[in-house]
Amino acid sequence: MTQERKIRVLVAKPGLDGHDRGAKVVARAMKDAGMEVIYTGIRQTPEQIAKTAIQEDVDAVGLSCLSGAHNHLFPKVVELLRTQGAEDILVFGGGIIPHEDIPALKKKGVREVFQPGTETGDIIKVIADEVKTLRSTQGGS
Amino acid sequence: MSEKLKKLAGARGEWENKTVAKTTERFPERKPVFETSSGIPVLRLYTPLDLEKLDYLEDMGFPGQYPYTRGVQPTMYRGRFWTMRQYAGFATAEETNKRYKFLLDRGQTGLSVAFDLPTQIGYDSDHPLSAGEVGKVGVAIDSLADMETLFDGIPLDKVSTSMTINATAAMLLAMYIAVAEKQGVGSEALRGTIQNDILKEYAARGTYIYPPKESMRIITDIFAYCKDQLPKWNTISISGYHIREAGSTAVQEVAFTLADGIAYVQAAMDAGLDVDAFASRLSFFFNAHSNFLEEVAKFRAARRLWARIMKNRFKAKKANSLRMRFHTQTAGSTLTAQQPENNIMRVTLQALSAVFGGTQSLHTNSWDEAYALPSEKSVTIALRTQQVIANETGVADSIDPLAGSYLVERLTNDIEEGANRYIDKIDELGGAVQAIEAGFIQREIADSAYNFQMAVEKEEKIIVGVNRYRQEEPPLEDVLKISSEVEAFQVEKLRKIKERRDNDKTAKALSGLKSVAEGSGNLVPVILDAVKAYATLGEISGVLREVFGEYRES
């Protein structure tokens, strides 16, 4: 019996925003919850993030943006993953994201957007559930 | 211990053992341990026993006198209130200029410029990395033309202006000088502040460009230039604000800020400047967080500790070199997206702690900032909060009114001691630059941030509306949004500037900048030449990127 692969997540800071308190806290909480986590550091382009996500063979990417550039940056990452054949990497977002922006982000392929005040436990649960669902539909791990 | 204190100690022990014990047996206290954000134990009761070692003249003194614990001015707010200075900037220079006039019209007494991220990181609005960021967290400034618009109709000899700008501080200061010149205002009359604090950018805020050594050179050049040309200008605002926002405790905020301050003073002295020639223009910037009494004590402790450092470590002689003047902003990270109106009360209490702490200027956050930039209505409430504290409560009528509280004095001591321990540790590592390069300061901050979040999730710390007293509520509507047209507008304006300017003159100024950067001359005059030739911020920063290289987070 093969052991199920640990969930691998890339936590990334797209754009020029340097506010990485949330990203670091979430990354550490995921690690403590048994996930394998890679944190990119700040000021990553969507291209760099997509490349790292594919190279690191992650299940999910968590994007954090507090500068208001999310509408530009988040869909770009989704699109780059798609065009490189990595549409099975799930993309999540968080930060200062106004409520009314969320439907459009989801429509463009962001699986879930976590707003300020969300507990790390809730974020971890959503990501874990989505990854497990995806794995089960793909059959095997 | 004096006879009186001995007697008191006995009586206190008896009170604990008999009266308190009887009560706690039947009614246990809310928590087994009470402590501040910094993990300083909060005792059940403070008495003169806690101040046994406090020497009034040595440790507190008088306002306007060493060690400045009680305030930096002799009369403090009895002379005039703190400067009410709301940090503002968004979209274009045109729109931000309107907001400034709006705020001045409502009784604000100083300006504070928020720049967008491309401006802070030295990219023009048409740079690929600027896509999506133009005008978002502040105003977009590409060239002198934008700065002229930003201050249009605002007389620069009448207002003081604070600019939150670090890696590109020299460029924005040069633009400010050039705008003033066009208004007929000489640089010697200019009052204001540039943040210019690169060390906390590496440690907590992220808008660095160049490596530390080159960044420290630019900062020292600014100190040297301003001491002659802009004698009323605050050449740096050494900032704990962002360190705290990134998750530090109050003690860490004081320690890391002052450690950065030590590094700047040392760098300027190493470059040959006399400490008393520049130290009076250093200013500071702190966060006003939620633990009210700890915050009051923090401001007092920071002031005392800095005075001691300047006197004992750097042998500064002039009184003004020892005075820590600071700006304060209420804590953005404490604003909640849940039940956001409650943020008005949070901001009020935080602002009050800053006033009790003796701040020189204050920004109060707007209640809607957990979602977006503030609306005109919310920023007015924030400003009015300061005006109510100043005019209605009476707290500004006597100097340092919480002094003498057993708790406040004890906490002031505890915070100073805690910060000193960190500064010793940073000295062992070789100073703030080395401590940052080794990741020490970043790790300390990240640990505190994580511990705080876990305490919230375990409900050891209660945030009203977030992990207790929750209620269903509709999402907030009508938040201020920056249209994507701003970027197109700004790119077009930039194109026109490049077309209109004398491109030979610009190129010449840029090559002049390059040769000074490669040598060791002062960079500020050549940056000023380039700015006046309408070289763009991206072009000027680009020349320095080429010569200095770029810092990469390790």
Side-chain angles (χ1 to χ4, degrees), chain A residues 13-33 39-48 63-77 94-104 113-125, chain B residues 90 116-118 120-121 123 128-138 201 204-208 242 245-247 332-333 335-338 369-373 442 445-447 449-454 456-457 463 465-467 470 474-482 484 487 552-554:
Chain A
K13 286 286 300 177
L16 302 180
D17 173 35
H19 296 89
D20 60 355
R21 174 179 181 167
K24 283 178 173 168
V25 166
V26 170
R28 189 148 153 192
M30 287 172 172
K31 247 180 227 169
D32 285 355
Y39 171 50
T40 60
I42 63 170
R43 278 202 231 165
Q44 301 289 305
T45 61
E47 288 78 9
Q48 288 170 318
L63 300 170
S64 161
C65 179
L66 284 76
S67 73
H70 51 271
N71 287 335
H72 172 77
L73 295 165
F74 289 5
K76 197 106 199 256
V77 173
I96 306 213
I97 317 282
H99 184 80
E100 61 260 37
D101 290 355
I102 295 175
V113 175
F114 302 105
Q115 290 187 285
T118 311
E119 295 203 346
T120 58
D122 294 338
I123 297 172
I124 290 163
K125 189 175 179 317
Chain B
F90 56 95
D116 73 358
L117 285 166
Q120 294 187 52
I121 304 175
Y123 296 120
L129 292 175
S130 301
E133 308 273 16
V134 176
K136 286 281 161 57
V137 303
E201 297 296 328
R205 188 169 175 273
T207 70
Y208 46 74
H242 319 89
E245 287 294 290
S333 59
L335 300 177
T336 66
Q338 294 74 18
E369 288 186 78
Y371 284 96
L373 296 181
Q442 297 90 313
I445 296 170
D447 285 349
Y450 190 67
N451 294 340
F452 175 83
Q453 182 61 28
M454 291 305 114
V456 169
E457 298 192 8
I463 316 275
V466 175
N467 62 357
R470 283 186 273 221
L476 197 66
E477 305 285 346
D478 296 330
V479 297
L480 182 79
K481 297 196 74 178
I482 309 301
S484 54
E487 193 163 315
R552 298 264 175 249
E553 200 178 30
S554 55

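Chain identifiers are assigned alphabetically (A, B, ...) following the order of the sequence lines, protein sequences preceding nucleic acid strands; residue numbering begins at 1 within each chain.
For chain A, the nearby parts of E133(B) are the backbone and the side chain; heavy atoms of each come within less than 4.5 Å. At a 4.5 Å heavy-atom cutoff, Q120(B) makes no contact with chain A through either its backbone or its side chain. With a threshold of 4.5 angstrom between heavy atoms, E119(A) approaches chain B through its backbone and through its side chain. Of the two parts of V137(B), the backbone and the side chain both hold a non-hydrogen atom closer than 4.5 Å to a non-hydrogen atom of chain A. Only the side chain of D32(A) has a heavy atom closer than 4.5 Å to any heavy atom of chain B. For chain A, no part of S484(B) is nearby; none of its heavy atoms comes within less than 4.5 Å. With a threshold of 4.5 angstrom between heavy atoms, A131(B) approaches chain A through its backbone and through its side chain. Of the two parts of E245(B), only the backbone, made up of N, CA, C and O, holds a non-hydrogen atom closer than 4.5 Å to a non-hydrogen atom of chain A. For Q338(B), the part sitting under 4.5 Å from any heavy atom of chain A is the side chain, from C-beta outward, and nothing else. Looking at P128(B), neither its backbone nor its side chain comes within 4.5 Å of chain A, counting heavy atoms on both sides. Both the backbone and the side chain of T120(A) come within less than 4.5 Å of a heavy atom of chain B. Contact annotation for L16(A): both backbone and side-chain heavy atoms come within less than 4.5 Å of a heavy atom of chain B.
Between T336(B) and I463(B), the closest side-chain pair of non-hydrogen atoms falls below 4.5 Å.
Nearest heavy atoms, G117(A) versus V466(B): O-CG1, 4.1 Å. The minimum heavy-atom distance linking A372(B) with L480(B) is given by the pair CB-O, 3.7 Å.
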Taking it one step at a time, do N467(B) and E457(B) satisfy side-chain contact (heavy atoms from CB on, under 4.5 Å)? CA-CA 7 Å; N467(B) 62 357; E457(B) 298 192 8; over 6 Å; no
One pair to check against side-chain contact (heavy atoms from CB on, under 4.5 Å): F452(B) and R21(A). What are the steps and the verdict? CA-CA 11 Å; F452(B) 175 83; R21(A) 174 179 181 167; 3.6 Å; yes
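Considering only heavy-atom pairs separated by less than 4.5 Å from chain B, the leading option among H99(A), Q115(A), H72(A), R28(A) is R28(A). No other option in S130(B), A370(B), A337(B) has as many heavy-atom pairs under 4.5 Å with chain A as A370(B). Among the candidates S67(A), G22(A), G68(A), the residue making the largest number of heavy-atom pairs closer than 4.5 Å to chain B is S67(A). Ranked by non-hydrogen atom pairs under 4.5 Å with chain B, the options G15(A), G41(A), A29(A), G121(A) are led by A29(A). Contact tally against chain A (heavy-atom pairs below 4.5 Å) for G132(B), G138(B), S333(B): the top residue is G132(B). Of the listed residues I42(A), I97(A), T118(A), D101(A), the one with more heavy-atom pairs under 4.5 angstrom with chain B than any other is I42(A).
Take Y208(B) and apply the side-chain hydrogen bond (donor to acceptor under 3.5 Å, both in side chains) test, not counting sequence neighbours, and it matches no residue. The side-chain contact (heavy atoms from CB on, under 4.5 Å) test applied to T45(A) returns E47(A), Q48(A), L129(B), not counting sequence neighbours.
E487(B) CD to D116(B) CG: the interatomic distance, rounded to the nearest 0.5 Å, is 9.5 Å. Taken to the nearest 0.5 Å, the NZ atom of K24(A) stands 7.5 Å off from the CD1 atom of I445(B).
Here the side chain of K13(A) pairs a donor or acceptor atom with the backbone of H19(A) at under 3.5 angstrom. Here the side chain of Q44(A) pairs no donor or acceptor atom with the backbone of P14(A) at under 3.5 angstrom.
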